[in-house]
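Computed over heavy atoms, backbone and side chain alike; hydrogens, waters and symmetry mates excluded.
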Amino acid sequence: MLPLTVPFHPGQNFTSYFSGLACRNFAGNSRNFANELGLKWPDVVGGSDTVIKTMSDLGGIDLATLTAGTMRRVGLREFAVRQEVLGQYTLSRQRVIVCPCCLVDDIAVGRFGGLLDTYQRLAWEVTHIRACTRHDVRLVDLDLKLNHRQTFDFHLQIADQLDRINILAENTSMRPATKLEHYLTNRLAGHRAGLEWLDTLPFGLAAKVCEMLGVVLAFDSRRNLQTLPEDDWARAGDAGFAVCSGGVVSVRRCLEQLQHASPGKRSLHSRMRAFGQFYEWLAYSDADLEPVRAIVRDHIFETTAVSPGVAILGQTRNKAAVHSLQSARNSYGVSIRIIRGIAKHQGLLPEESENIGDAKLLIPAPELASAVAAWSKGITGLQAQELLGVSKNAWWVLQGAHFPPLFGGLGAATRYNALMITDFLDNLERLAVPQSRQAGMNPFFETMYSQQYGVLNALDLAHSGQLRIGWDRSRHGLNRLLVSEIELREALAQQRNQAKYRAKEVAHHLNLTQSATDRAIIRGLIPCSVGATTTGQMVRFVAGSDLKSLQRRFVSLGTLTGKGSSASKRVQMRQTLEKRGVLPLPDWLECSAMVFRRSEI
């Protein structure tokens, strides 16, 4: 053990301690002192295990304590303090940066009363720490012109500066240390804040990601980083730390806010522009950035219509996570109008989708792919009509009652389930009496419409056992169904005896239009014992009690405003009712009839 020693302080750098011993033992400088002890100078600067063990014995300092304060070389340009790894750009070991208030306090409470009481802190060598967390003042760069013998020799560096330390302490600028600076200082001391994501990042990456994200948050996304003052870097680091301390969820939420704040379309280029310098920094080839890249990359893939094979931050995806209407059109070869209709029918669009442009409207790709695949397997109305072998009017009736569209509201692009139609035909063939055309059997459709009846009426009668139908196997389609004219007349007569109201009478009693009444009956909104067609003159079999019940419970807008009222008067009445909280029944709106509950008026 050396006869002349100096204490080792918490947070002190090992090279500072070595410099203090050299000064205390009158070695002139640290290099000479290392030569006298038989130590290699690079090993002293690199904090090798041999040097630490030797100085622990010579200085009388606990080995674990000395090791904790040693900046050990672990790579070509990397150093480690405890479990924290600091890269080249995280450290500034060639510059002499100090807190003058700390040095004044060292001298005031020290036992030597001068230079030997001062010591260099580990935190002063970290470029991301720009203020003293103890005194809340800016760290001061002494801006010394050092020769090679003064490098890493703290006491030799400031020996001539002690005279102005008090002046620097009195005139240094006050600036509270940011939360990021407190966080980094505590990590150097071996104390982590328990942050689920930030604590898992290497020391330098944790600091840099806060600063780079904070630059975009606190300043313009295209701000020139070369001219950014130190105080602005500190401000950026604090803004980024507020986000990153919340973990991955907080970072993803911040990225989404940056996207919405950026003007323009939600294209890949606009995403990159919204993230500005933060994205450009991540685009570097440094492998250490991968934990941050993964978050940004996943966010872009999940919120941007990126075509398969396009690389984002060095990686590609085989399948798109989301589609815009434009990218969906390119992928599926279907028009934007149909894509929008399919997505709307499946509930994949937001409520305000009508006001969002084709490039900005994003749809989950897997769900959209399933919906488009289901739509593509359907058949058009014309194909369904040909498959059933019916006229256009008959198809309209059958479609309204038996074959709901796969995706409604698409106009000419509406498709229907082919399997449902073929099953329907199979059931009819099973129900029909196998026979060829015989005397007294007329083609189904001719007889049905000659009696102004409907396709569904006859099918319901056949299913209920009141009517026998035949099947002409020589041809296909509903037009080849055969029915006995005698049986049909008997069934019609029986049903007519049960008739209570005709469609016109129902419309008159409810004050609805004829077309609205027809559609309401077809969709089951008005109870009917058998089916219905589009022909307004056809008899509807509605029980009287049901119709009176409808009159008691519901009232149409036309009834409220009076017969023959103008359109403006009906609009005023509707607005008045809506202000009172009385809303029309949604199912009736499909029938083009505004109907309200009497109990609410």
Donor on one side chain, acceptor on other, [X] and [Y], under 3.5 Å:
X    : Y    : value
S30  : D153 : yes
H135 : D105 : yes
H155 : S19  : yes
T65  : D62  : yes
H128 : E211 : yes

query = Does CZ in R580 sit with more than 12 non-hydrogen atoms of other residues, nucleotides or ligands closer than 6.0 Å?
reply =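 At most 12 heavy atoms, drawn from other residues, nucleotides or ligands, come within 6.0 Å of this atom.
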R192 CZ: over 12 foreign heavy atoms closer than 6.0 Å = yes
inquiry  = Tell me the closest heavy-atom pair linking P364 and L348, and the distance in Å.
reply    = CD-O, 4.3 Å
message = If you compare all heavy atoms of V216 against all heavy atoms of Q277, which two are closest, and at what distance to 0.1 Å?
response =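 Reported closest heavy-atom pair: CG2-N, 4.3 Å.
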query = Between R130 and R175, is any pair of side-chain heavy atoms under 4.5 Å apart?
reply = yes
Minimum side-chain heavy-atom gap F18-L39 below 4.5 Å = yes
request  = Starting at CD of Q83, measure out to CZ of F203 and round the result to the nearest 0.5 Å.
outcome  = 14.0 Å
task = Could you check Y119 against F154 for ring pair (Phe, Tyr, Trp, His ring centres under 6.0 Å), going step by step and ending with a plain yes or no?
result = CA-CA 7 Å; Y119 63 94; F154 180 72; 8.3 Å; no
key: Axial cation check for F79 ring with R93, 6.0 Å and 45° limits   =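 Ring-cation test returns yes.
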